Amino acid sequence: VYLLREKGYFRGLNNMIKLDYRYYDEMIIGQENGLNLQEEFDKYKDTIAHIIADLNKRKDKPGQWLQWMNLGYSEETVWYVKEYAAMVQGRFDNILVLGIGGSALGGIAVTEALLKPYWNLLTPEQRNDLPRIFFLDNIDPDTIAGLLKVLDLKKTLVNVITKSGSTAETMSQFMIVKNILEQELGDEYRYNIVSTTDKKTGILRQISEQEGYKTFVVPDDVGGRFSVFSAVGLLPFALVGIDIDEIMNGIKDMDLALKNTDIKENIAAQNALIHYLMDTKKGKNLSVMMPYSSRLKYVSDWYVQLWAESLGKNKDKDGNDVHIGPTPIKALGATDQHSQIQLYNEGPNDKVINFIRVAEFDNTLEIPNIFEYTGIGYLGGKTINQLINAEADSTRVALSDYGRPTVTITLDRVDGYNVAQLLYMLEVQTAIAGELYNINTFNQPGVEQAKNYTYALMGRVGYEESAQALKEKFCLLYTSPSPRDRSVS
Ligand code: PA5
């Protein structure tokens, strides 16, 4: 550890995010709903040790989809990203990211967490002349049209991100934006586009090469929902001035900590096992992610995709029908205390609730002592900081009074180092949970069928059978195959 620290690889346990799982224990929430954690940890000691060792052994092997475990060490990507960000600095007022699912959610989560709040409303001086950033991760025509009305595309760098290179939502947005850019800038339009896609395959790769765009790579064996620390996330982060070295340090330190095969020392393994046992032994298969920090609000959206797409599977690795997967739910503290907590306290006891708590906020906001009314006078002289954490703690205790299990992840502060640790920890937790469920964490066959029907409805060549099936099933109108669809993949 000393040598690693000397090399700048390890900043020590004190700075690491912490997991408090006491409120899962049967001693606190009772035997019916709680677990005898020490007993379970002992029982699963060897299984967990084997899973962690095996993940680390397999991570470099092609086809295992575990390359995301190496992203913290990809110095080359960091170098290229920084070089490009420095080259375009000052040239654009806006960054527009086009992507969906894993190609957008990590970027949204991290930029919301790390940029100054209301970044896009700040003046250029307040943003240190760094660009504003917008993510288009849906295909609502009104939103797209609305955004295009407020953005001057000539002064916008468009980062189109798709690993497959053909995702309909992303590519349709791209076609609209490219068309406008070309009309406004002529041949020069290509300098307003940077694509992030597969190294070799996919239509976006072909277009990028033909048109001469600057491109970044989504590495092999990194699935979309595990790609936030590849160029998918790092490029947008660097373009708006986020310190990506701090992020890499957070991942590396967490990776080192999570290589520990002892469940008593490994927070990702602990939370994975707790969730797995709560589901399989106690029938609690809903997982709520509830940060008490608005800046971490979109970490919940990212977690929902990670947990849902990774763990919701109908077959296990041996081919048995299992139809398993805990359902993730997003919530925000303290806001959702006034919307969801009634259900969580008194409704079905089928959830595990993950609190995220921030020890130290960037600002301390005092509540002025201006009223003496009994109902609100007590607030005067306290801080909003005290209030939000008091609400997190009291909600946790109230939930435990009702026999509801909660776990609390604490970040020292919301910065790149801590946020990277949090996301990486949740990725490893997901991979370990997948092994416990004995499923393939890294595929998503369940999203294909609806995609095929969309292609059929939109007239993509090769999807005539799906179109016929749709017609027979629902008598839906569909478009004939489009002559312009030169399908290559
Ligand atoms: O996690 C995943 O693999 C998906 O959510 C993808 O990220 C999403 O479907 C977008 O795919 P692509 O990056 O190929 O456009």
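What you see is a predicted model, and the numbers here were worked out from it, not measured in a lab. Order of listing sets the numbers, starting from 1, for every ligand and every atom in it. Residue indices begin at 1 and follow the sequence shown.
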Query - Ion pair check, D220 and K200, cut-off under 4.0 Å - result: no
Query - D245/K82 salt bridge by N-O under 4.0 Å criterion - result: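 A salt bridge links K82 with D245.
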Query raised in the report: Looking at residues at least two apart in the chain, or sitting in another chain, which of them share a ring pair (Phe, Tyr, Trp, His ring centres under 6.0 Å) with Y453?
Result: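 Result, ring pair (Phe, Tyr, Trp, His ring centres under 6.0 Å) vs Y453: none returned.
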Report task. Report the residues that fulfil side-chain hydrogen bond (donor to acceptor under 3.5 Å, both in side chains) with R225, sequence neighbours left out, ordered by chain and then residue number. Result -> E309, S310, Q444
**Report entry** Residue E448 excluded, over 12 heavy atoms near CD under 6.0 Å
**Finding:** yes
Please produce the table of protein N or O atoms sitting under 3.5 Å from N or O atoms belonging to ligand 1, one pair a line, distance to 0.1 Å.
{"from": "ligand 1", "atom 1": "1 (O)", "to": "R225", "atom 2": "N", "distance (Å)": "2.9"}
{"from": "ligand 1", "atom 1": "1 (O)", "to": "R225", "atom 2": "NH1", "distance (Å)": "3.3"}
{"from": "ligand 1", "atom 1": "1 (O)", "to": "Q305", "atom 2": "NE2", "distance (Å)": "3.2"}
{"from": "ligand 1", "atom 1": "1 (O)", "to": "E309", "atom 2": "OE1", "distance (Å)": "3.1"}
{"from": "ligand 1", "atom 1": "3 (O)", "to": "G224", "atom 2": "N", "distance (Å)": "3.4"}
{"from": "ligand 1", "atom 1": "5 (O)", "to": "G102", "atom 2": "N", "distance (Å)": "3.3"}
{"from": "ligand 1", "atom 1": "5 (O)", "to": "Q305", "atom 2": "NE2", "distance (Å)": "2.4"}
{"from": "ligand 1", "atom 1": "5 (O)", "to": "E309", "atom 2": "OE1", "distance (Å)": "3.2"}
{"from": "ligand 1", "atom 1": "7 (O)", "to": "G102", "atom 2": "N", "distance (Å)": "2.9"}
{"from": "ligand 1", "atom 1": "13 (O)", "to": "S103", "atom 2": "OG", "distance (Å)": "2.7"}
{"from": "ligand 1", "atom 1": "13 (O)", "to": "K163", "atom 2": "N", "distance (Å)": "2.8"}
{"from": "ligand 1", "atom 1": "14 (O)", "to": "T162", "atom 2": "OG1", "distance (Å)": "3.4"}
{"from": "ligand 1", "atom 1": "14 (O)", "to": "K163", "atom 2": "N", "distance (Å)": "3.4"}
{"from": "ligand 1", "atom 1": "14 (O)", "to": "S164", "atom 2": "N", "distance (Å)": "2.8"}
{"from": "ligand 1", "atom 1": "14 (O)", "to": "S164", "atom 2": "OG", "distance (Å)": "2.7"}
{"from": "ligand 1", "atom 1": "14 (O)", "to": "T167", "atom 2": "OG1", "distance (Å)": "3.3"}
{"from": "ligand 1", "atom 1": "15 (O)", "to": "T162", "atom 2": "OG1", "distance (Å)": "2.8"}
{"from": "ligand 1", "atom 1": "15 (O)", "to": "T167", "atom 2": "OG1", "distance (Å)": "2.5"}

Report task. Could I get the full list of side-chain contact (heavy atoms from CB on, under 4.5 Å) partners for K149, not counting sequence neighbours? Result ->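 Checked K149 against side-chain contact (heavy atoms from CB on, under 4.5 Å); zero matches.
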